[in-house]
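Reviewing the structure listed below.
Heavy-atom basis, side chains included; hydrogens, waters and symmetry copies ignored. As the structure is a prediction and not an experimental result, all values here were calculated from the model.
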There are 2 protein chains.
Amino acid sequence: MIGEKFKTLLSKNNLRLTSERMRLFNELKDSPAPLTINNLVKRTSDTLDQSTVYRNLDLFEELGVTHRVYTGWKYKVELSDSFKSHHHHMLCSNCGVVIEFHESKELIKDLDRISKKYSFNISNHSLEITGTCSNCS
Amino acid sequence: MIGEKFKTLLSKNNLRLTSERMRLFNELKDSPAPLTINNLVKRTSDTLDQSTVYRNLDLFEELGVTHRVYTGWKYKVELSDSFKSHHHHMLCSNCGVVIEFHESKELIKDLDRISKKYSFNISNHSLEITGTCSNCS
DNA sequence: TAGCTTATTGCGAAAAATTTGCAATAAGGA
DNA sequence: TCCTTATTGCAAATTTTTCGCAATAAGCTA
């Protein structure tokens with residue numbers, strides 16, 4: 001169960017599992033596409049204060065629960081690889097649809113090559129594509 | 001000359017070449033790494049008003065003169081491929097250094113494959129890597 | 001289960017970032 | 001050099017994000 005992992009992570013760090021955190025986590029989990037902070041503030045405004053949203057998003061990021069992706073004009077937040085399988089995005093600049101796709105072995109190899117070439121220890125990477133989807137072009 | 005291209009682009013769109021725009025463009029051109037909007041506001045505050053910076057960065061983006069890259073916590077602005085050769089970034093999460101690198105043929109092939117698979121017409125892509133640089137690890 | 005400790009929340013307000021209206025200025029074509 | 005109008009600076013409004021603090025509630029302990 002994905003929620004269990006979240007709960008464990010919190011307690012391991014002496015952090016409390018509050019209904020607010022659960023709400024935010026679920027909001028992210030249930031979203032088919034990354035959300036802006038503003039999206040999250042609005043979606044939860046019935047029960048959560050904006051400061052709670054901000055504080056917890058910072059926390060989530062620190063804990064590695066979420067990461068920010070930059071699709072389009074503003075960055076957005078989504079669950080990170082530990083909670084959702086690693087993937088990348090294609091953003092249609094016409095209709096705004098976001099398509100997720102998984103990376104190829106070739107890309108992984110390529111990253112490995114780059115890592116060696118620059119003696120750079122890669123911990124994370126993001127690949128974001130923009131263009132027009134099949135419907136729009 | 002790279003500046004010429006910029007000038008031509010402006011006049012083609014019935015936009016005027018002002019000293020403020022030139023200043024902003026040069027600030028971007030001369031920077032070895034992408035800049036945050038705030039960086040630009042501060043760097044030019046001796047002669048440019050913040051609203052001028054914001055308005056022109058929007059314009060630059062629309063014209064395709066710049067694009068936003070997401071390295072680290074906030075997004076940054078840099079000249080786009082037409083004005084600076086296409087490249088990607090590695091950000092050291094320890095010391096903050098940004099290393100540029102050029103993409104491989106393999107990556108291009110891979111993008112092409114993805115494009116076909118999803119019938120997605122790719123106009124742009126970004127690959128951002130984080131980790132630790134050779135000095136820090 | 002009740003009590004205790006303290007992490008977390010909501011609230012209100014402050015600070016920072018971004019946008020806007022408008023009069024004054026200056027780019028660039030005639 | 002003149003004229004038209006895009007662009008700027010200024011000041012103020014909005015929007016976004018942060019912060020201090022008292023009230024609340026999570027979760028450990030007895």
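Contacts between residues 54-65 of chain A and DNA chain C, defined by a heavy-atom separation under 4.0 Å, are made by Arg55(A), Asn56(A).
Between the side chain of His102(A) and the backbone N or O of His86(A), at least one donor-acceptor pair lies under 3.5 Å.
At the heavy-atom level, Ser51(B) lies under 4.0 Å from base atoms of the strands shown. Within 4.0 Å of Thr47(A), counting heavy atoms only, lie sugar-phosphate atoms of the nucleic acid but no base atom.
Residue Arg23(A) is tested with Asp46(A), Asp49(A), Asp30(A) for a salt bridge (charged side-chain N to carboxylate O under 4.0 Å, His left out); the sole match is Asp46(A).
The distance between atom CZ of Phe6(B) and atom C1' of dA27(C), rounded to the nearest whole Å, is 14 Å. If you measure from atom CD of Gln50(B) to atom P of dA15(C), you get 17 Å, rounded to the nearest angstrom.
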Without placing hydrogens or testing angles, list every side-chain donor-acceptor pair under 3.5 Å for residues 33-43 of chain A, not counting sequence neighbours.
| unit_1 | atom_1 | unit_2 | atom_2 | d |
| --- | --- | --- | --- | --- |
| Thr36(A) | OG1 | Asn39(A) | N | 2.9 |
| Thr36(A) | OG1 | Asn39(A) | OD1 | 3.4 |
| Thr36(A) | OG1 | Asn39(A) | ND2 | 3.1 |
| Asn38(A) | OD1 | Lys42(A) | NZ | 3.0 |

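Side-chain contact annotation: Asp110(A) with Ser104(B), donor-acceptor N/O pair under 3.5 Å present. Of the N and O atoms on the side chains of His67(B) and Glu78(B), at least one donor lies less than 3.5 Å from an acceptor on the other residue.
For DNA chain D, the outermost nucleotides in 5' to 3' order that have an atom under 4.0 Å from a heavy atom of chain A are dT16(D) to dG27(D).
In plain terms, the two heavy atoms of Phe120(A) and Thr130(B) that are nearest each other are CE2-C, 3.8 Å. Smallest separation of non-hydrogen atoms from Leu9(B) and Val65(B): CD2-CG2, 3.5 Å. Nearest heavy-atom pair across Glu61(A) and Thr66(A) is N-OG1, 3.4 Å. The minimum heavy-atom distance between Gly64(B) and Ser82(B), with the atom names listed, is O-OG, 4.5 Å.
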Please list, pair by pair, any protein nitrogen or oxygen found under 3.5 Å from a nitrogen or oxygen in nucleotides 28-30 of chain C.
| unit_1 | atom_1 | unit_2 | atom_2 | d |
| --- | --- | --- | --- | --- |
| dG28(C) | OP1 | Leu17(B) | N | 2.7 |

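Listed by first and then second residue, the side-chain hydrogen bond (donor to acceptor under 3.5 Å, both in side chains) pairs that reach into residues 2-14 of chain B come to none, sequence neighbours excluded.
Nearer the 5' end of DNA chain C, as judged by each residue's closest nucleotide, is the contact made by Asn14(A), out of Leu48(A) and Asn14(A).
With sequence neighbours left out, the side chain to side chain donor-acceptor pair (under 3.5 Å) criterion links Lys84(B) to Glu100(B).
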